[in-house]
S.K.: 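Structure below; questions to follow.
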Amino acid sequence: MSTTTEHKLNVFISYSRADLDFADQLDAALDLTGFESTMDRQGISGGEEWQSRLGHLIRDADTVVFVVSPDSASSKVCAWEVEEAARQSKRIIPVCCRPLGGESAPPQLAQLNYIFFYAEPKAPGSGFGSGLAKLVDALSVDREWIREHTRLLQRAGEWVDGGKPANRLLSGADIVAGKSWAARRPKNAPELTPLHLDFLRASEDEEVARSNIERKKLE
């Protein structure tokens, strides 16, 4: 496939360690269908800043695919990943690798459509192949808008992490493009985060201040 890594949609796969075999298969399938997928394979160690590490992986992803199973439904780490994805206003797509067996998935998934990767009696024709086709279709919706959501969130995060310096803000045509992007948000696309809005507002304020200084110099 001719799509370069730079232009691929980045997918973060959230899963329980008990579902690693399925997650590996999904990772390989997404790669073959033109997506760049990310999985946390490091595990969680006692003294590690795991929340910071996972938070950055989620921030840098265009979409979070949550692997639903009895184990992920009862996992505190998986629950945190869903909460973090929702906090960062990420698109979340739940995919079921096996029946829940009485467990309840995270409440943030309640209103979302599940994609079944196994033969679910209530979903005729379900299975890995049909599930993958539905997932690819879902990931392709509003693709470019979603990628810009991620790019600007990354820029905004770097601006905050660097102490909010003026030289990391948008300027000129990039501000116009950013405001235009925000205004044409698709109906079912993720909301802009407060960080998006702060970044765009600070960029515009800095541009006005810079213009005023230049005008005074000319006067």
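Here the structure is a predicted model, which is why all the values come from computation and not from measurement.
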S.K.: Would you compute the distance between atom CG of Asn212 and atom CZ of Arg210 and round it to the nearest 0.5 angstrom?
M.R.: 11.0 Å
S.K.: Any sub-3.5 Å donor-acceptor pair from Ser75's side-chain atoms to Asp71's backbone N or O?
M.R.: no
S.K.: State, yes or no, whether a side-chain contact exists between Glu83 and Gln108 at a heavy-atom distance under 4.5 Å.
M.R.: yes
S.K.: Transitively linked via ILVMFWY side-chain contacts under 4.5 Å: Leu20 with Leu26?
M.R.: yes
S.K.: Indicate yes or no: does Arg17 engage Asp40 in a salt bridge with an N to O separation below 4.0 Å.
M.R.: yes
S.K.: CG of Asn113: more than 12 outside heavy atoms within 6.0 angstrom?
M.R.: no
S.K.: With side chains defined as the heavy atoms from C-beta onward, is the minimum distance between Phe199 and Lys164 less than 4.5 Å?
M.R.: no
S.K.: Which pair of heavy atoms, one from Arg143 and one from Gly34, lies closest together, and at what distance?
M.R.: NH2-O, 3.7 Å
S.K.: Mind checking whether Lys90 and Ile58 have side chains closer than 4.5 Å, heavy atoms only?
M.R.: yes
S.K.: Kindly indicate, with the supporting measurements, whether the criterion salt bridge (Lys or Arg N to Asp or Glu O under 4.0 Å) is fulfilled by Asp198 and Arg201.
M.R.: CA-CA 5 Å; Asp198 287 347; Arg201 188 180 304 112; 3.1 Å; yes
S.K.: Tell me, with the steps shown, if Leu169 and Trp159 meet side-chain contact (heavy atoms from CB on, under 4.5 Å).
M.R.: CA-CA 7 Å; Leu169 292 168; Trp159 170 63; 3.4 Å; yes
S.K.: How about Glu158 and Gln154: does a side-chain donor come under 3.5 Å of a side-chain acceptor?
M.R.: no
S.K.: I'd like to know if Ile175 and Leu197 are part of one continuous hydrophobic network [Ile/Leu/Val/Met/Phe/Trp/Tyr, side-chain heavy atoms within less than 4.5 Å].
M.R.: yes
S.K.: If you look at every heavy atom in Cys78 and Ser16, which pair is closest and at what distance?
M.R.: SG-N, 3.8 Å
S.K.: With a 3.5 Å distance limit and no angle check, can you tell me whether Ser180 reaches the backbone of Val176 through a side-chain donor-acceptor pair?
M.R.: no
S.K.: Indicate the atoms forming the closest heavy-atom contact of Ala29 with Thr33, along with that distance.
M.R.: O-OG1, 2.9 Å
S.K.: Can you name the closest pair of heavy atoms from Ala61 and Asn10 and give their distance?
M.R.: CA-OD1, 3.4 Å
S.K.: Does Val68 reach the side chain of Arg98, with side-chain heavy atoms less than 4.5 Å apart?
M.R.: no
S.K.: What's the verdict on side-chain contact (heavy atoms from CB on, under 4.5 Å) for Ile13 and Ser37, showing C-alpha distance, side-chain angles and the deciding distance?
M.R.: CA-CA 7 Å; Ile13 301 175; Ser37 54; 4.1 Å; yes
S.K.: Would you say Leu112 and Val82 are hydrophobically clustered, going by side-chain heavy atoms of ILVMFWY under 4.5 Å?
M.R.: yes
S.K.: May I have the step-by-step check of salt bridge (Lys or Arg N to Asp or Glu O under 4.0 Å) for Glu84 and Arg87, ending in yes or no?
M.R.: CA-CA 5 Å; Glu84 181 65 9; Arg87 186 186 72 80; 2.7 Å; yes
S.K.: With rounding to the nearest 0.5 angstrom, report the CZ to SG distance, Phe116 to Cys96.
M.R.: 4.5 Å
S.K.: Considering only heavy atoms from C-beta outward, does the side chain of Val11 approach that of Leu139 to under 4.5 Å?
M.R.: yes
S.K.: If you measure from CG on Leu152 to CG on Leu192, what distance do you get to the nearest 0.5 Å?
M.R.: 8.0 Å
S.K.: Rounded to the nearest 0.5 Å, what separates atom CD in Glu206 from atom OG in Ser171?
M.R.: 9.5 Å
S.K.: Show the nearest heavy-atom pair for residues His149 and Ser89, with the distance to one decimal.
M.R.: CE1-O, 3.3 Å
S.K.: Is the shortest heavy-atom distance from the side chain of Phe66 to the side chain of Leu109 under 4.5 Å?
M.R.: yes
S.K.: For Arg59 and Leu153, run side-chain contact (heavy atoms from CB on, under 4.5 Å): C-alpha distance rounded to whole Å, both residues' side-chain angles, the deciding distance at 0.1 Å, then the answer.
M.R.: CA-CA 7 Å; Arg59 184 198 69 182; Leu153 188 60; 4.0 Å; yes
S.K.: Run the numbers on Val65 and Phe12 for side-chain contact (heavy atoms from CB on, under 4.5 Å), then give the verdict.
M.R.: CA-CA 6 Å; Val65 170; Phe12 176 74; over 6 Å; no
S.K.: Over 60° means perpendicular and under 30° means parallel, so classify the ring planes of Phe22 and Phe128, tilted if in between.
M.R.: perpendicular
S.K.: What about Val141 and Tyr114, same hydrophobic cluster or not, with Ile/Leu/Val/Met/Phe/Trp/Tyr joined at side-chain heavy-atom distances under 4.5 Å?
M.R.: no
S.K.: Using atom types as modelled and distance alone, determine if a side-chain donor or acceptor of His56 lies under 3.5 Å from a backbone N or O of Ser52.
M.R.: yes
S.K.: Check whether any side-chain heavy atom of Tyr118 lies under 4.5 Å from a side-chain heavy atom of Ser126, and answer yes or no.
M.R.: no
S.K.: If I take atom CG from residue Leu132 and atom CD1 from residue Ile115, how far apart are they, to the nearest 0.5 angstrom?
M.R.: 9.5 Å
S.K.: Just so I know, are the side chains of Pro190 and Gln88 near enough to count as touching, which here means a heavy-atom distance under 4.5 Å?
M.R.: no
S.K.: Compare every heavy atom of Ser14 with every heavy atom of Val64, then report the nearest pair and how far apart it is.
M.R.: CG1-CB, 4.3 Å
S.K.: Could you check whether the rings of Trp50 and Trp80 sit parallel, tilted or perpendicular, using 30° and 60° as the cut-offs?
M.R.: perpendicular
S.K.: Rounded to the nearest 0.5 Å, what separation is found between the CZ atom of Arg151 and the CG atom of Asp62?
M.R.: 12.0 Å
S.K.: Does the distance from a Lys or Arg side-chain N to an Asp or Glu carboxylate O, for Arg185 and Glu191, drop under 4.0 Å?
M.R.: yes
S.K.: Please check this pair: side chain of Trp181 against backbone of Trp145, looking for a donor-acceptor N/O pair closer than 3.5 Å.
M.R.: yes
